[in-house]
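Here the structure comes first, spelled out in structure tokens, and everything after it is commentary.
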Amino acid sequence: MSQAALNRDRTRSANPWRGDFPVFADASLVYLDSAASAQKPAVVLEAMREFAAHSYANIHRGVYRLSEQATAAYEGARGKVRAFLGAASAREIVFTRGATEAVNLVANSFARPRLGPGDEILITHMEHHANIVPWQMVCGQTGATLKVAPVTDTGEVDLDAFAALLGEQTRLAAFAHVSNALGTVNPVQEMTALAHAHGVPVLIDGAQAVPHLPVDVRGIGCDFYVFSGHKLYGPDGIGALYGKAEHLEAMPPWQGGGDMILSVSFDKTLYAEAPQKFEAGTPHITGAVGLGAAIDYLEGIGWDAITAHQQELQAYAAEVLGGIGGLKLVGTAARRAGLFSFVIDGIHPHDVGTFLAAENIAVRSGHHCAQPVMERFGVPATTRASLGLYNTRSDVDALAAALRRMKEFFGA
Ligand code: PMP
């Protein structure tokens with residue numbers, strides 16, 4: 001580790017939450033990659049350990065105490081996700097491995113049976129691959145077409161073009177709440193209303209939104225909403241799909257196996273109701289408990305405090321990064337959340353990432369699983385610094401100081 005990292009000023013009294021995260025026992029760590037995966041607070045790790053140690057068994061089937069406790073914990077976590085998203089009923093919440101699996105579930109179970117040649121799925125140019133490839137796959141299987149709404153030079157969805165692309169043939173519109181590559185917060189309520197005006201159901205990819213904004217699926221009016229636990233200070237391998245009850249009830253299961261059935265014989269299998277019919281096999285029970293603990297942790301802090309911290313730090317980072325010559329932000333939308341994507345004249349983003357890594361500063365360099373939007377902005381990759389609850393002004397200062405040293409080093 002460089003001397004700069006070792007010497008770094010670690011006074012962080014201004015952040016009341018940083019101490020909740022054991023990873024920062026490494027005082028020199030500057031973690032600016034929460035958009036990829038957030039760090040976990042001790043309460044989440046402890047909730048999972050405690051559950052696995054003392055309340056663990058398989059769920060739904062056992063009549064003994066441990067199984068009943070485990071079932072209650074798993075279903076309790078579903079209730080927490082329901083409240084977190086503002087859904088009407090816990091039956092509208094399906095546990096998945098994450099946002100990706102949730103999109104694939106909707107693509108296969110909701111979209112595929114409704115698609116044929118001439119039909120269309122509408123997405124936007126700023127989507128993560130998780131909200132592109134599953135739609136391409138079902139389009140390929142059914143002869144339907146994927147339509148893409150353009151984004152403007154500032155990185156906002158061109159709403160007129162989006163509206164114009166909604167038509168008789170559109171079977172579903174799918175778009176990010178917050179872009180992982182640009183940080184743009186999309187006007188999801190307005191976009192949902194535009195789609196609904198054409199009778200088009202909507203899926204929202206909330207993977208980058210849930211750590212930064214309170215979400216209210218009923219207020220937004222969307223038909224489906226997906227997110228992952230690991231970006232929400234919870235565990236990986238768990239996430240959720242919200243789907244309106246009327247859709248989930250009408251959709252066929254997409255994976256078969258145990259725990260999604262009422263009865264099985266070789267002649268005929270009767271499926272359980274939603275959400276169980278979408279949760280074949282033993283789910284990530286401990287992960288669900290951890291996700292519930294992460295939601296409790298965030299709600300304990302409260303959205304007012306979370307958004308105030310995020311806005312303050314984001315404004316500070318914008319000012320500090322704006323002062324670095326040759327640094328160009330990719331994505332300058334008026335409403336952004338949590339991240340800065342940038343390029344620096346004369347230095348490849350991978351070299352930026354490597355230089356920063358040597359100073360124990362964690363950022364992401366690459367296409368961020370959003371190659372089409374990189375192409376749209378004419379860059380093969382960017383460096384992305386993303387903010388979490390635990391970040392402080394001194395993290396931003398450390399990033400800026402390292403970028404300045406790097407420019408000197410490269411003579412850029
Ligand atoms: N959508 C967006 C906007 C994302 O940022 C990500 C994760 N990078 C995903 C979807 C996919 O999430 P996961 O890999 O957890 O399924």
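Remember, it's 1-based here, ligands and their atoms both numbered in the order they're listed. Nothing here was measured: the structure is a model prediction, and the numbers come from that model.
In this structure, Tyr31 has its ring center no closer than 6.0 Å to that of Phe21.
Salt bridge status for Arg114 with Asp119: absent, with no side-chain N to carboxylate O gap under 4.0 Å.
Here the side chain of Tyr297 pairs no donor or acceptor atom with the backbone of Asp20 at under 3.5 angstrom. Proximity of a side-chain donor or acceptor of Glu92 to a complementary backbone N or O of Ala88 within less than 3.5 Å is detected. Side-chain N or O atoms of Asn131 include none that pairs as donor or acceptor with a backbone N or O of His128 at under 3.5 Å. A side-chain donor-acceptor contact under 3.5 Å links Thr184 to the backbone of Gly155. Lys231 places no side-chain N or O within 3.5 Å of a backbone atom of Ser34 that could act as its donor or acceptor partner.
Atom 11 (C) of ligand 1 has its closest protein heavy atom at Thr100 OG1, 3.4 Å. In terms of protein heavy atoms, atom 5 (O) of ligand 1 is closest to Gln208 NE2, 2.7 Å. Closest to atom 12 (O) of ligand 1 among all protein heavy atoms lies Ser228 OG, 3.5 Å.
Against a heavy-atom cut-off of under 4.0 Å, Ala207 is close to the following atoms of ligand 1: 1 (N), 2 (C), 4 (C), 6 (C), 9 (C), 10 (C). Below 4.0 Å from some heavy atom of His128 lie the following atoms of ligand 1, by number and element: 1 (N), 2 (C), 3 (C), 4 (C), 5 (O), 6 (C), 7 (C), 8 (N), 9 (C), 10 (C), 11 (C). Heavy-atom contacts of Ala130 reach the following atoms of ligand 1: 10 (C), 11 (C) (cutoff under 4.0 Å). Residue contact check: His230 has heavy atoms under 4.0 Å from atoms 13 (P), 15 (O) of ligand 1.
Contacts between Arg97 and ligand 1, counted as non-hydrogen atom pairs separated by less than 4.0 Å, are absent for every part of the residue. With a 4.0 Å heavy-atom cut-off, ligand 1 is reached by the side chain of Lys231 but not by its N, CA, C or O. With a heavy-atom cut-off of 4.0 Å, Ala99 touches ligand 1 through backbone and side chain alike. Here Asp205 has side-chain heavy atoms under 4.0 Å from ligand 1, and that is the only part of it that gets that close.
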Residue pair His196, Asp223: steps toward the side-chain hydrogen bond (donor to acceptor under 3.5 Å, both in side chains) verdict: CA-CA 10 Å; His196 284 177; Asp223 298 270; 2.8 Å; yes
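Assignment of His368 to the shell around ligand 1 is not supported, since no heavy atom sits closer than 4.0 Å.
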